[in-house]
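Notes follow once the structure below has been shown.
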Amino acid sequence: MRTYEVSVVTPDGPVYSSEVEMVIAKTKGGELGILYGHIPLVAPLEVGAVQFKNGEKTDLVAVSEGILEVRPEQVTILAQAAETPEQIDIRRAEEAKRRAESRLKSSQDDIDFKRAELALKRAMTRIDVYKHHS
Ligand code: ATP
């Protein structure tokens, strides 16, 4: 399969870049599998693990909410935060997960609940991505 360039960029700088055959990412409208030559689009991303596939190899990157930009020969992800498995501090993610879970049990209003739910999603995504690698 033909390969194309991908990059994941955050406000702190570039996090990941590679040549891949396919990107699999969860947008707010559903999961997308993007091959070379895909029609251009811009879509908001869910918090989750984005998969980058090339042959037998799959790299995972944990991505907080962001934007997916697809062009026929290039995919760019602009995210608030993103980490490769090597960059993930697993203890920090596990602590964040525990904190979010206890907030979800005790949250008094919808805003707290939403915030805790998103924090839980970020933490679980980081734990998944870390485990995939180790
Ligand atoms: P925490 O409560 O542990 O801060 P968070 O989900 O609120 O987690 P974010 O606001 O998503 O954190 O990220 C803030 C910065 O910290 C980003 O640069 C992100 O890449 C980094 N970061 C957050 N959690 C981890 C982690 N477990 N390992 C490595 N970097 C992390």
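Keep in mind that the numbers below use all heavy atoms, side chains included, and drop hydrogens, waters and symmetry copies. Counting convention: from 1, in listed order, for ligands and their atoms alike.
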**Complete:** Checking heavy atoms under 4.0 Å, the part of T10 that sits near ligand 1 is neither
**Request:** Flag the pair E94 and R98 as a salt bridge only when some basic side-chain nitrogen lies within less than 4.0 angstrom of an acidic carboxylate oxygen.
**Result:** no
**Asked** At a 4.0 Å threshold, what atoms of ligand 1 neighbour a non-hydrogen atom of D89?
**Response** 26 (C), 27 (N), 28 (N), 29 (C)
**Prompt:** Given R91, R92, R122, E83, which one has a non-hydrogen atom that is nearest to atom 15 (C) of ligand 1?
**Reply:** R92
**Prompt:** In the protein, what heavy atom is nearest to atom 29 (C) of ligand 1, and what distance, to one decimal place, separates them?
**Reply:** Q87 O, 3.1 Å
**Item:** N54 side chain vs E19 backbone, donor-acceptor pair below 3.5 Å
**Value:** yes
**Request:** Answer yes or no: does atom CD of E21 have more than 12 heavy-atom neighbours from other residues, nucleotides or ligands under 6.0 Å?
**Result:** yes
**Request:** Could you check which of K97, E65, R126, E86 puts a non-hydrogen atom nearest to atom 8 (O) of ligand 1?
**Result:** R126
**Prompt:** side-chain contact (heavy atoms from CB on, under 4.5 Å) with V50: which of V23, L68, I24?
**Reply:** V23
**Request:** Taking only heavy atoms of A81 into account, list the atoms of ligand 1 that are under 4.0 Å away from them.
**Result:** 17 (C), 19 (C), 20 (O)
**Residue portion contacting ligand 1 (non-hydrogen atoms closer than 4.0 Å) for R99** = side chain
**Message:** Using a 4.0 Å cutoff against the non-hydrogen atoms of I88, which atoms of ligand 1 qualify?
**Reply:** 28 (N), 29 (C)
**Prompt:** What atoms in ligand 1 come closer than 4.0 Å to a heavy atom of D12?
**Reply:** 18 (O)
**Asked** What atoms of ligand 1 come closer than 4.0 angstrom to any heavy atom of A93?
**Response** 27 (N)
**Request:** Go through K97 and E101 one step at a time and tell me if the salt bridge (charged side-chain N to carboxylate O under 4.0 Å, His left out) criterion holds.
**Result:** CA-CA 6 Å; K97 178 170 179 271; E101 282 167 344; 3.2 Å; yes
**Request:** Could you tell me which non-hydrogen atom of A79 sits nearest to which non-hydrogen atom of P11, and how far apart they are?
**Result:** O-CD, 3.2 Å
**Asked** If you measure from the Lys or Arg side-chain nitrogens to the Asp or Glu carboxylate oxygens, is any gap between R2 and E73 under 4.0 Å?
**Response** no
